[in-house]
Protein chains: 2
Amino acid sequence: MLRKVDKHSGVPAYLQIVNMIKSEILLGNLQKGAQLPSVRDLQVIFDVNINTVLKALEKLKNEGYIESEQGVGYFVKKDIDVNKEVIEIIRECVSKLKNGRIDYYTAMLIFEEVWKNE
Amino acid sequence: MLRKVDKHSGVPAYLQIVNMIKSEILLGNLQKGAQLPSVRDLQVIFDVNINTVLKALEKLKNEGYIESEQGVGYFVKKDIDVNKEVIEIIRECVSKLKNGRIDYYTAMLIFEEVWKNE
DNA sequence: TATACTGTTATATTATAATATAACAGTATA
DNA sequence: TATACTGTTATATTATAATATAACAGTATA
């Protein structure tokens, strides 16, 4: 799901955009060959300047996720095949966590720390 | 665990520092009253300039996590009590994911997307 | 009291991120 | 072929992040 960038998160806007588009590809919401919204539409969707959109798209191009055709649009190049089981494991975990009294930010901090140290 | 900042992640160094220290407090590795390493030691631990350390500590002070005494040091102010069960849920999830063939970065992207949309 | 630690304040410099704005160039189609 | 879409290139400006460096100020202790 493509949504407004969080301008207070501290994470650079162009990186948030890169992450959102990657997620769409990872989850299969954007498949190989699919066309992205136009750069001027993306500017509105993410609520940033057009140059910020271009910076993000440039990075995705360099990483081989998308390609562009002048005058036509941006298209998904790579289909990334993520194990459905992995998504299921994460869905289950998130569902359990949401039943508890923990916010997203705290959950992410713990997740990161546990991943990197155990 | 306090470790070197990742200078290529794109996330500002001072924020990475804030997150690492918060994690230590959240996981109980730094408890109320505990003294942090000196700013000059932290500079070495995180591999950044002293001003970057100070910026992070200032933020943690503003959020009420730590306090400082000139000439003495920085101390943990808040003890954050995180449900042990929550940590267990995350440990289990991470353990399952590490058995699969998924990297940290991809896992985080999916985690974020699932959390924000389901 | 001298010394070696603590934190604190300040200034200057460089790189990066984000914005605003304009103009150019290719494509599809009424 | 005119029009309205696409992407692309370029320039200038502002804010933020990070660095280097120096000097100041409080605390603990040999």
Side-chain angles (χ1 to χ4, degrees), chain A residues 2-22 24-25 30 33-78, chain B residues 2-22 24-25 30 33-78:
Chain A
L2 303 180
R3 54 183 173 284
K4 270 191 188 179
V5 146
D6 177 356
K7 296 192 175 173
H8 303 291
S9 81
V11 177
Y14 84 98
L15 275 184
Q16 294 184 46
I17 294 171
V18 166
N19 287 341
M20 275 190 260
I21 293 177
K22 271 190 195 170
E24 288 298 283
I25 298 176
L30 279 175
Q35 182 168 10
L36 299 185
S38 79
V39 292
R40 288 172 185 82
D41 282 352
L42 289 173
Q43 172 177 12
V44 173
I45 292 172
F46 296 126
D47 192 25
V48 295
N49 187 270
I50 192 170
N51 297 314
T52 306
V53 170
L54 289 175
K55 187 170 186 175
L57 294 178
E58 186 58 27
K59 189 161 199 291
L60 287 164
K61 254 164 89 168
N62 288 336
E63 295 183 20
Y65 283 94
I66 61 175
E67 58 192 341
S68 65
E69 258 185 88
Q70 185 168 1
V72 185
Y74 279 87
F75 300 87
V76 176
K77 195 175 172 187
K78 255 202 259 189
Chain B
L2 302 180
R3 54 184 173 281
K4 272 192 186 177
V5 147
D6 177 357
K7 295 190 174 174
H8 303 291
S9 82
V11 178
Y14 83 98
L15 275 183
Q16 294 184 46
I17 294 172
V18 165
N19 287 342
M20 276 189 259
I21 295 178
K22 272 191 194 170
E24 288 299 283
I25 299 176
L30 279 174
Q35 182 168 8
L36 299 185
S38 79
V39 292
R40 288 173 185 81
D41 282 351
L42 289 174
Q43 173 178 10
V44 174
I45 292 171
F46 296 126
D47 191 27
V48 295
N49 187 270
I50 192 170
N51 297 313
T52 306
V53 170
L54 290 175
K55 187 169 184 177
L57 294 177
E58 186 59 28
K59 190 161 198 290
L60 288 163
K61 255 164 90 166
N62 288 336
E63 295 183 19
Y65 284 93
I66 61 175
E67 58 194 342
S68 65
E69 259 186 88
Q70 185 168 2
V72 185
Y74 279 86
F75 300 88
V76 176
K77 195 175 171 186
K78 257 202 258 186

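Protein chains get the first letters and strands the later ones, always in sequence-line order, with residue 1 at the start of each. Remember, it's a predicted structure, so these values are computed and weren't measured experimentally.
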**OP:** Could you check which nucleotide pairs with D:dA22 in any of the strands shown, counting Watson-Crick or G-U wobble with both distances under 3.5 Å?
**Re:** C:dT9
**OP:** Keeping the roles fixed (side chain from B:Lys7, backbone from B:Asp47), state whether a donor-acceptor pair exists under 3.5 Å.
**Re:** yes
Subject >> Position toward the 5' end of DNA chain C (nearest nucleotide), A:Glu69 or A:Val48 >> reply: A:Val48
**OP:** Check each residue of residues 8-20 of chain B for a non-hydrogen atom within less than 4.0 Å of any atom in DNA chain C, then write out the ones that pass by number, or none.
**Re:** none
Original post:
Given that B:Arg40 and B:Asn49 both sit by DNA chain D, which one's nearest nucleotide is further toward the 5' end?
Top reply: B:Asn49
Subject >> Closest non-hydrogen atom pair, A:Gln16 against A:Val11 >> reply: NE2-O, 2.8 Å
Subject >> B:Lys61 versus B:Glu67, closest heavy-atom pair with distance >> reply: CG-CA, 4.2 Å
**OP:** Please say whether more than 12 non-hydrogen atoms of neighbouring residues, nucleotides or ligands are located less than 6.0 Å from NZ in B:Lys78.
**Re:** yes
**OP:** Could you pull out the closest heavy-atom pair between B:Pro12 and A:Pro12, with the gap in Å?
**Re:** CD-CD, 4.2 Å
Original post:
Which is true for B:Leu57 with a 4.0 Å heavy-atom rule: it touches a base, it touches only sugar-phosphate, or it touches nothing?
Top reply: nothing
Original post:
So which one's nearest nucleotide on DNA chain C is more toward 5', A:Lys55 or B:Gln35?
Top reply: B:Gln35
Original post:
Under 3.5 Å, side chain of B:Gln35 to main-chain N/O of B:Val72, donor-acceptor pair present?
Top reply: yes
Original post:
Of the non-hydrogen atoms in B:Lys22 and B:Glu63, which two are nearest, and what is the gap between them?
Top reply: NZ-OE1, 2.8 Å
Original post:
Is B:Gln43 reaching over with its side chain to a backbone N or O of B:Val53, donor-acceptor style, under 3.5 angstrom?
Top reply: no
Subject >> First and last nucleotide of DNA chain C, 5' to 3', lying under 4.0 Å from heavy atoms of chain B >> reply: C:dT6 to C:dA10
**OP:** Could you please name the partner base of C:dA4, counting Watson-Crick and G-U wobble pairs only when both distances are under 3.5 Å?
**Re:** D:dT27
